[in-house]
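I have placed the structure first, in the form of structure tokens, so that the comments after it can refer back to it.
Whatever order the structure lists them in is the order used to number ligands and atoms, beginning at 1.
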Amino acid sequence: MEQTLIIFKPDAINRLLVGRILTRFEDKGLRVAALKLQQPPRAQVEKLYQVHRGEPFYESLVAFMTSGPVILAVLEGPAAIAVARNLLGATDGREAAAGTIRGDLGLDQRYNLVHASDGPDTARFEIDVFFRPEEIVSYERAGDRWIVSEG
Ligand code: CMP
């Protein structure tokens with residue numbers, strides 16, 4: 001079972017899209033292992049986006065991500081990292097395929113609604129930036145055995 005960090009960015013919150021987007025992940029079968037609304041401290045956002053430091057869009061990206069509360073989630077499931085990124089679509093909503101979250105709901109490269117980890121190492125790192133271990137809950141939903149077959 002793989003875990004990934006998902007962030008509902010301030011544009012998703014201000015456009016009242018959080019419920020609809022969370023439903024897309026839930027409909028796919030991914031399970032919420034942690035969920036919280038938070039005004040993200042600048043230091044945490046800088047850690048999250050440290051690989052983008054120096055890019056021309058870095059400062060405005062950090063300003064955007066600290067402009068209001070975000071909703072942080074840990075989602076889990078088989079291949080959850082790739083599954084979540086496929087659901088999101090390309091970074092720029094103008095290029096994201098129709099049927100993806102960004103393809104259906106966005107038109108911008110910065111205001112792209114949701115962040116999702118891009119690999120196992122970044123997922124572990126990003127989850128640790130925003131969550132303490134005791135905030136991540138291990139449980140089974142009644143329908144899980146109808147979502148993923150055994151063996
Ligand atoms: P995310 O998947 O969270 O990872 C880095 C973020 O930087 C990205 O989503 C966008 O919000 C933002 N971003 C990436 N490329 C650009 C760009 N060219 N101009 C502005 N913002 C960008």
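- In summary, Arg42 and Glu59 engage in a salt bridge, as defined by a charged side-chain N under 4.0 Å from a carboxylate O.
- Between the side chains of Thr23 and Asp27, no donor N or O sits under 3.5 Å from an acceptor N or O.
- Asp104 and Arg24 are joined by a salt bridge, as a carboxylate oxygen and a charged side-chain nitrogen come within less than 4.0 angstrom of each other.
- Under the 6.0 Å cut-off for aromatic ring centres, Tyr58 and Tyr49 do not qualify, their centroids lying 6.0 Å or more apart.
- At a threshold of 4.0 Å, the pair Arg110-Asp108 does not count as salt-bridged, since none of the basic side-chain nitrogens sits closer than that to a carboxylate oxygen.
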Using a cut-off of under 3.5 Å, which N/O atoms of ligand 1 pair up with protein N/O atoms, and what distance separates each pair?
from, atom 1, to, atom 2, distance (Å)
ligand 1, 3 (O), Lys9, NZ, 2.8
ligand 1, 3 (O), Tyr49, OH, 2.5
ligand 1, 3 (O), His115, ND1, 2.8
ligand 1, 9 (O), Lys9, NZ, 3.0
ligand 1, 9 (O), Asn112, ND2, 2.9
ligand 1, 11 (O), Lys9, NZ, 3.0
ligand 1, 11 (O), Gln109, O, 3.4
ligand 1, 11 (O), Arg110, O, 3.0
ligand 1, 11 (O), Asn112, OD1, 3.4
ligand 1, 18 (N), Gln109, OE1, 3.2

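- Connection of Ile127 to Val45 is established within a shared hydrophobic cluster, with ILVMFWY side chains joined at heavy-atom distances below 4.5 Å, either directly or through further cluster members.
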